[in-house]
Amino acid sequence: MPYIATHQGRTTKVKVKEPRPGQFIVSLGDREYDVDFLEPEPNLFSLIIGGRSYEVDVDATHVPDTYEVLIKGDVYEIEMVEEKKKKLAQKMNKGASGRQDLKSPMAGNVRKVLVEPGDHVTQGQVLLILEAMKMQNEIKSPIEGVVASVTAREGVAVAAGDPLCVVEPWEPEFPAG
Amino acid sequence: MPYIATHQGRTTKVKVKEPRPGQFIVSLGDREYDVDFLEPEPNLFSLIIGGRSYEVDVDATHVPDTYEVLIKGDVYEIEMVEEKKKKLAQKMNKGASGRQDLKSPMAGNVRKVLVEPGDHVTQGQVLLILEAMKMQNEIKSPIEGVVASVTAREGVAVAAGDPLCVVEPWEPEFPAG
Amino acid sequence: MFKKILIANRGEITIRVIRACKELGVPTVAVYSEADRTALHVRAADEAYCIGPAPSRESYLRGDRILEVAKAAGADAIHPGYGFLSENAEFAEACAAAGITFIGPNPRAIRVMGNKTTSRVAVFEMGVPLVPGMRENLQSEDQAVEWARKIGYPIMMKAAAGGGGKGLRMIMREEELLPAYRTAKSESLAAFGDDAVYMERYIENPRHIEIQVLGDRHGNIIYCPERECSIQRRHQKVIEEAPSPIVDEEMRRAMGEAAIRAARAVDYDSAGTVEFIVSGKSREFFFLEMNTRLQVEHPITEMITGIDLCKEMIRSAAGYVLPFRQEDVQCHGHALECRIYAEDPDNRFLPTPGRIIGLRVPGGPWVRDESGMYEGLDVPIHYDPMLSKLVVWGSTRERMVTRMLRALSEYKVKGIKTTIPFHARVLKNEKFLAGEIDTNFIDREFQPQDEARVKPFEDVALVAAAIKAYRQDKARALAGVGASTGGSSDASLWKRSGRLKRDPGF
Amino acid sequence: MFKKILIANRGEITIRVIRACKELGVPTVAVYSEADRTALHVRAADEAYCIGPAPSRESYLRGDRILEVAKAAGADAIHPGYGFLSENAEFAEACAAAGITFIGPNPRAIRVMGNKTTSRVAVFEMGVPLVPGMRENLQSEDQAVEWARKIGYPIMMKAAAGGGGKGLRMIMREEELLPAYRTAKSESLAAFGDDAVYMERYIENPRHIEIQVLGDRHGNIIYCPERECSIQRRHQKVIEEAPSPIVDEEMRRAMGEAAIRAARAVDYDSAGTVEFIVSGKSREFFFLEMNTRLQVEHPITEMITGIDLCKEMIRSAAGYVLPFRQEDVQCHGHALECRIYAEDPDNRFLPTPGRIIGLRVPGGPWVRDESGMYEGLDVPIHYDPMLSKLVVWGSTRERMVTRMLRALSEYKVKGIKTTIPFHARVLKNEKFLAGEIDTNFIDREFQPQDEARVKPFEDVALVAAAIKAYRQDKARALAGVGASTGGSSDASLWKRSGRLKRDPGF
């Protein structure tokens, strides 16, 4: 089944075949790779591609279909979704528009909640402040809209990926003609 | 439920209680210990007993009810069986008598098989030779008896715990009065 | 030697001290907050006691509780590590009062050096150079000229009400002095409603260079070759090296002797560090402060001198005489330390608490890992984000750097983001390799580079992620019959396909 | 420097060489047998190629295949590591013929030193001492007296047909000579039907002490302070230290110069080791053999000299001149190496191949791990059982030993038995601490002790096993609802009970 990979905003069409156990053929767009695959310990891959050897750590993240890949010290965050699923998703939500479910980017304590349901917020407006390891981090609204709900509570700890609040897009009474 | 622990041939009666999660009371014979328990990673215990802190690795082995415990560099092989089960076992098999299921003490290659079913063997007689890492190791019969079956095949690799052969105890025609 | 030592700290430094105690044959007592029951130091010590809830002020800063634990456990000495109670004179005195040895300097040294003013007065009397400048405000233009000559150019004119660059004027030579004085005054008046200004020497290419000293209870004190700690982020040291690329034998001796004078000013009798600000231009050095504790970056000094600072600090607290003299202290090769923080270098260095789900530590020649990490650790959100320190030694500065790059490439921390990849980029920076660094190095060279960065193995990453996704989907399809359980199953899969393997090129 | 280096080996030495190459900026090529697809060196190298089935003769000893891989991959040099092809003159010549540099000495050096007779002749001509003895059999009593004087006492009279101690006679002084001669002859006749005997100097308390030499392609050669490798099991080195407890400056120079003469005898131009047998009684030393490769125990020499032997060996093969002279070689502190084998010290040192299910490696100051292990590795049954080498440095011999004990206590290998606990017992042995060791040390001191041994933490072990069993049974009872999944679940269990914790003693 084909996948759509997204990394740093760029998307690539991906196909995977496994002609023999441990032997993969992976195509990225028009580039094709023969891969000798081994997983010596869970989530640690040893890949040999045309003689080149790579030690790769691949871990699923708390975001569905998203993987954290560690190679020679660099971390790559890659979304790998089945093509049909992706198409569906795109229809429902065009980029940073539509309903925004804001999730916590890290574990920490909710230091301040600056909005409440019903508030009108502008794009980039600070909604709440998270604190971890003595550092304060602002969570901003990606769109202009109305706060639909606030899950975060001041002084309460959250884990990475926990929902913080929801912002509904702003619809003016009279749609701009 | 009470256990019978066996270490280096000595047995101890063991009782375990868990009054609060993470807090255990373990009695060994008449010695009782309050244990603050944590398992930070699977099979790695952090035990605090009366303020003393111990890092203990506890792994189940391929032998049922038997654990390999690693503390400060020393390995303890301990059998921990529920009392009733133990009593049962003792009835059925008194020490190194009765039917002997010989299992491989380590992974290796079967270098030589020196007996075949029906052979009469004396106690300590070499039944077969295992080879691993260029070292040969003799597997001897723990009792006098008759070879009932031989699972090991020359030149074939075996894993630790794999069955090698079975020796049935020797019954003379006329039981010694 | 002590009967038993309590370490009033957490994290890597506690592990460091416990290791030193083990090697000295002294039993150890760890203390931990409720958030740290899972911490490595709890398991590493011979004894461990909980001293309260997660917040430091309710646990690691509770000197009273810690002393009670020490007494109850029969410890006759307390090592404070760094941070927390390490530079708290009252705690040091409380220990003494309780008949327990505080492993650190005498309380007076802590108190005097702990205060900016008293420390400067103390060391100035001993002839240790301070940044030249006025301690009061300018009254007149004549006074300005007169002071400017005393201070020496370049000069920084500063608004007394100060802040935000307003009323700041740099003055390179005397002609510029009076005009600058007038503008500074009017700017400052406009900005803060107060035209008071004063002058200080401007330090060009400021570098942070410090001298480790080590004293005993018998009046002996020695200094070690310097450490340079100019690679900083938000005034937080990130990379340290020893010796400094700009310090030669003569300068080393001058700084070392100044450090000894500063230490003597307070009868220093333990391990400590005298920090200097050094002009990268003129190579003049000026006293900043003295840290009256064992410092985070002490290992690089250990690597070039062969002196076990942590052990000697404990021995001298126990009354032993230093086992070597100044002339025995050598400077052999180069050492480098990278501080590994739980921060995401690709996302504004946001802290990244969480669970370490995988850990592989670098090894091999001249690589030293000073860590509080283990696989399975939940990095708590309550404390400093430093996870470990990676230290290497090399016979030359170049070998030191290439070795660190090699070691960083072996360091795998999974589950949370760390600063490991960031270090690798700093170490590949031309200016760093040339030793042209100062305390603004990272802000100047890095923030931009970080955003733009292209990662070299994107295709391999995509291939890996694709195979991961494919195998997961397949496993689901097979209703999870083991295909994704990794290790064993794949190994055996491979064994079966072993003989079919593509021949590698012949 | 080379464009690309192929390492024709496996295990920890391959990792060691790959690390050196990384630090030199040279890409690496690994080769592996079908049993080693999972091996660490396959992942550590930039490229990896399978060269055949598990048995060495079909893979790691297949010089032809390895050369083909090297050519196909574009490698211009091959590092043989130790064992396998490292002392195979034909392979070295084949490399040369293929235009690929063999990272080792010239083939003639390998050939001459690879043969007991030719090597002894070669070094003897250079005035290197050999164990005094006869090269033919005794003909008469007069000849016996004459030879005995040449050889010097104590003397060992040996049966030419030899073996099993039969016909062996120790002779302390001349009065004993002729009686011993007669008994030896008759015994030998009785035992082997042949009364031929000969004499050799008897070495009392034989110690194995060796000298590392390092040469370049320009005729420069230096020696390093000695290594003592007297702690052996079945003639296999187990623990090595540098320098030797019985060698002083004068003896060090004498042995070093003898080693240089031996090396010069074959125009030695790489890293190599001259092994001597030394009388613990008289401290006389005699040539045993020269190993024309990088040795297992090279790290301890690196730790006391600061010389990266592996890197210098590669550089000299690339034609670089040695970057230092003899007078630059220093001897700083003490270093110790423990070889960690996959053997069960509590069960006749039976090999213990199998899967490493857990691994925690020691760290901290002056601890160096040279390992081919990782968590999840299946230790194959086909190769040498050495898993890793643990190396430490200390400013004194005592600190070196206490540091190694500390490091061993941190080294956790789970899933297979290793010799880690055995090393700890050797290091606590009185005689070892006193430096009173010889090549029979382990057989004499240990086999018995091992059986009898009482393990200090039996009750804690029983408690742990009991809790494990209890939790497993409980989990089964609960139909496996997570209670035994360790980590997370327990951590959270604990968190819930955190505030209920028993107060530790105040």
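So you know, we letter chains A, B, ... as the sequences are listed, proteins then strands, and number each from 1. Please read these numbers as outputs of a predicted model, since none were measured by experiment.
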With a 3.5 Å distance limit and no angle check, can you tell me whether A:S53 reaches the backbone of D:V42 through a side-chain donor-acceptor pair? yes

Can you tell me if A:K15 has over 12 outside heavy atoms packed within less than 6.0 Å of its NZ? no

If you apply the rule side chain to side chain contact (heavy atoms under 4.5 Å, CB included), what do you find for D:E375 with A:L44, and how did you get there? CA-CA 11 Å; D:E375 203 168 293; A:L44 171 63; over 6 Å; no

Measure the spacing between CD of A:E55 and CG of D:L40 and express it to the nearest 0.5 Å. 7.0 Å

For A:K112, does the NZ atom sit with more than 12 other heavy atoms under 6.0 Å from it, leaving out its own atoms? no

Looking at every heavy atom in both D:Y49 and A:G51, which two are closest together, and how far apart are they? CE2-CA, 3.5 Å

Would a 4.5 Å heavy-atom cut-off, applied to side chains only, mark D:D46 and A:Y54 as touching? no

Nearest non-hydrogen partners of D:R37 and A:F37, listed with the distance: NH2-C, 4.0 Å

Can you tell me which residue pairs pass the side chain to side chain donor-acceptor pair (under 3.5 Å) test with a partner in residues 3-19 of chain D, sequence neighbours excluded? C:E410-D:R19, D:K4-D:E47, D:R10-D:D36, D:E12-D:Y82, D:E12-D:K389, D:R16-D:H298, D:R16-D:E302, D:R16-D:D308

Return all side-chain donor-acceptor pairs below 3.5 angstrom for residues 139-147 of chain A, not counting sequence neighbours, or 'none' if the list is empty.
unit_1	atom_1	unit_2	atom_2	d
A:S141	OG	A:I143	N	3.4
A:S141	OG	A:I143	O	2.6
A:E144	OE2	A:H120	NE2	3.1

